[in-house]
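Start at 1 with the first residue, then count along the sequence.
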Amino acid sequence: MKHLTKMLDLTKPDIVKILDLADSMKAEHKLGKASKPLEGKTLAMIFQKASTRTRVSFETGMYQLGGQALFLSASDLQMGRGEPMEDTARVLGRYVDGIMIRTFAQQDVEDLAKWSGIPVINGLTDYDHPCQILADLMTIREHKGQLEGLKLTYIGDGNNICNSLIIGCLTMGMRISVATPKGHEPHQDALDFARKFSDTFELVQDPAQAAINADVLVTDVWASMGQEAEAVARMKTFKDYQINDALLSKANPGAIVLHCLPAHRGEEITAEIFEKHANVIFDEAENRLHAQKAVMALLMK
Ligand code: CP
Ligand code: NVA
């Protein structure tokens, strides 16, 4: 593993290694005994979209590992004035030890990885959000004790979160049912990957059908960053794709609910369900920190 450009980069042993290290880093951090494997190292963080969790968890994570992080807003970089990615990549590669990027096009991440000569981490693209799904898997393992054999249901848009969940869950031996409205299905790459898992993958349009016997329910916003102009139309399309009491009644008793955040109460999740499951949802947000520290330590040490 040289980079984390997308969920498809990761094998099952890679994910197990990251999650085991993340668990031990979390435990050591709580005991105040954490080591600093990235002393003297710098992570450049390029942001072309807004962020709360990704920015703060990478920056804090790098500090906890003994290194430092640079917040680089794409609009302040020469990149924002048209400097090509391959030049930005080669320059950053001479200064820093790793790059995290949040952007629109997956190709930007691939170009950075190709040209920089240093590890590159995808901090969200329109296509993928691997760091989020590593934290999700860590959280499921923490609360359910295992991944293998569990059923996860994803309700809503076939977006970055959905693509990454399909690949992550199937890689880890979980079952996954996805319910999306017609025309909002996951990316073809995720569907192609899922074709090898006909017994453990299901794509339907009916949320209630997808939720039957779920151990974990996941949803995400109806309009992602960059889709603001479609937000009103999407409200109509997605109105039945909500995690609410009726949907949870289809799931297994003790089912947990995850949300990558930010959440829109009254849209993809009701306020009641959100608050009832807030404990797990904020564990999930916390686990971004430790999962990403594990990724950075493995890639940048
Ligand atoms: N879940 C997530 O990536 O949050 P931010 O957009 O706040 O980084
Ligand atoms: N699908 C959302 C995830 C935000 C963390 C987006 O891309 O905006």
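Counting only distance, with no hydrogens or angles, the side chain of Glu185 and the backbone of Gly183 share a donor-acceptor pair below 3.5 Å. Looking at Arg90, its side chain does come within 3.5 Å of a backbone N or O of Glu86 through a donor-acceptor pair. Asp215 places a side-chain N or O within 3.5 Å of a backbone atom of Lys151 that can act as its donor or acceptor partner. Side-chain N or O atoms of Asn252 include one that pairs as donor or acceptor with a backbone N or O of Asn213 at under 3.5 Å. At distances below 3.5 Å, not a single donor-acceptor pair connects side-chain atoms of Glu230 with backbone N or O atoms of Gln227. His290 contributes no side-chain N or O that, together with a main-chain N or O of Ala22, makes up a donor-acceptor pair within less than 3.5 Å. Looking at Asn244, its side chain does come within 3.5 Å of a backbone N or O of Leu247 through a donor-acceptor pair. Side-chain atoms of Gln205 do not come within 3.5 Å of backbone N or O of Pro181 as any donor-acceptor pair. At distances below 3.5 Å, at least one donor-acceptor pair connects side-chain atoms of Thr153 with backbone N or O atoms of Ala210.
Within the 4.5 Å cutoff, the side chain of Glu268 has no heavy atoms near those of the Asp220 side chain. Side chains of Phe201 and Val178 form a contact here, defined as non-hydrogen atoms less than 4.5 Å apart. No side-chain heavy atom of Asp108 sits less than 4.5 Å from a side-chain heavy atom of Phe104. Taking 4.5 Å as the limit, some side-chain heavy atom of Phe193 sits within range of a side-chain heavy atom of Thr171. Side-chain contact between Arg288 and Cys260: absent, with no pair of heavy atoms (C-beta onward) separated by less than 4.5 Å. For the pair Leu147 and Ile15, the minimum side-chain heavy-atom distance is 4.5 Å or more. Residues Thr219 and Tyr241 fail the side-chain proximity criterion, which asks for heavy atoms closer than 4.5 Å. Between Lys293 and His29, the closest side-chain pair of non-hydrogen atoms falls below 4.5 Å.
By the rule that hydrophobic residues join a cluster once side-chain heavy atoms approach within less than 4.5 Å of another member, Val96 and Leu43 end up as members of separate clusters. Note on Met172: it clusters hydrophobically with Leu8, by side-chain heavy-atom contacts below 4.5 Å among ILVMFWY residues. Under the 4.5 Å side-chain heavy-atom criterion for grouping Ile, Leu, Val, Met, Phe, Trp and Tyr, Ile269 is not connected to Tyr154 through any hydrophobic cluster. Cluster membership for Met100 and Leu21, using ILVMFWY side-chain heavy atoms within less than 4.5 angstrom, is shared. Neither Ile273 nor Val221 shares a network with the other; the hydrophobic side chains, linked directly or stepwise wherever heavy atoms of I, L, V, M, F, W or Y lie under 4.5 Å apart, form separate groups for each.
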Worksheet item: How far apart are the C-alpha atoms of Asp192 and Arg195, what are their side-chain angles, what is the distance that settles it, and do they pass the salt bridge (charged side-chain N to carboxylate O under 4.0 Å, His left out) test?
Response: CA-CA 5 Å; Asp192 288 345; Arg195 209 170 296 143; 2.6 Å; yes

Item to complete: Run the numbers on Asp157 and Arg234 for salt bridge (charged side-chain N to carboxylate O under 4.0 Å, His left out), then give the verdict.
Response: CA-CA 10 Å; Asp157 190 17; Arg234 281 172 169 262; 3.1 Å; yes

Practice prompt. Step by step, work out the side chain to side chain contact (heavy atoms under 4.5 Å, CB included) result for Thr54 and His129.
Written response: CA-CA 10 Å; Thr54 304; His129 198 0; 4.2 Å; yes

Discussion item. Show, in sequence, the C-alpha distance, side-chain angles and deciding distance for Asp189 and Tyr127, and conclude whether the side-chain hydrogen bond (donor to acceptor under 3.5 Å, both in side chains) test is met.
Written reply: CA-CA 10 Å; Asp189 289 357; Tyr127 170 76; 2.7 Å; yes

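For the pair Leu134 and Leu19, the tightest heavy-atom approach, listed with the atom from each and the gap, is O-CD2, 3.4 Å. Across Leu289 and Ser57, no two heavy atoms sit closer than the pair CD1-O, 3.4 Å. Minimum interatomic distance between Met300 and Gly98 (heavy atoms only, all atoms of both residues): CE-N, 3.8 Å. Scanning both residues, Thr180 and Gly158, for their nearest heavy atoms gives CG2-N, 3.8 Å. In terms of heavy-atom proximity, Ser51 sits nearest to Arg102 at CB-NH1, 3.4 Å. Between Ile133 and Gly168, the closest heavy-atom pair is CG2-CA, 4.3 Å.
Aromatic ring pairs are classed by plane angle as parallel below 30°, tilted from 30° to 60° and perpendicular above 60°; the pair Trp222 and Phe238 is parallel.
Of the candidates Thr125, Asn160, Asp128, Gln106 forms a side-chain hydrogen bond (donor to acceptor under 3.5 Å, both in side chains) with just one, namely Thr125.
When the shell of 6.0 Å around NZ of Lys250 is examined, it contains 12 or fewer heavy atoms from other residues, nucleotides or ligands. More than 12 heavy-atom neighbours from other residues, nucleotides or ligands sit within 6.0 angstrom of CZ on Phe71. Counting non-hydrogen atoms of neighbouring residues, nucleotides and ligands closer than 6.0 angstrom, the CE atom of Met1 exceeds 12 such neighbours. Around NZ of Lys301, the count of heavy atoms belonging to other residues, nucleotides or ligands within 6.0 Å does not exceed 12.
Atom CD of Glu83 and atom CE of Met85 lie 10.0 Å apart (nearest 0.5 Å). Taken to the nearest 0.5 Å, the CD1 atom of Ile118 stands 11.5 Å off from the CZ atom of Arg94. Taken from CZ in Arg55 to OG in Ser73, the straight-line distance is 9.5 Å, to the nearest 0.5 Å. Note that the CD atom of Glu284 and the CD1 atom of Ile140 stand 8.0 Å from one another [nearest 0.5 Å]. For the atom pair His259 NE2 and Ile161 CD1, the distance stands at 9.0 Å (nearest 0.5 Å). Taken to the nearest 0.5 Å, the CD atom of Gln107 stands 10.5 Å off from the CG atom of Leu112.
The pair Asp9-Lys6 meets the salt-bridge criterion, with a side-chain N (NZ, NE, NH1 or NH2) lying under 4.0 Å from an Asp/Glu carboxylate O. Salt-bridge annotation for Asp283 and Lys26: absent, with no side-chain N of the basic residue lying under 4.0 Å from a carboxylate O of the acidic one. No salt bridge links Lys17 with Asp14; every basic N to acidic carboxylate O contact stays at or beyond 4.0 Å.
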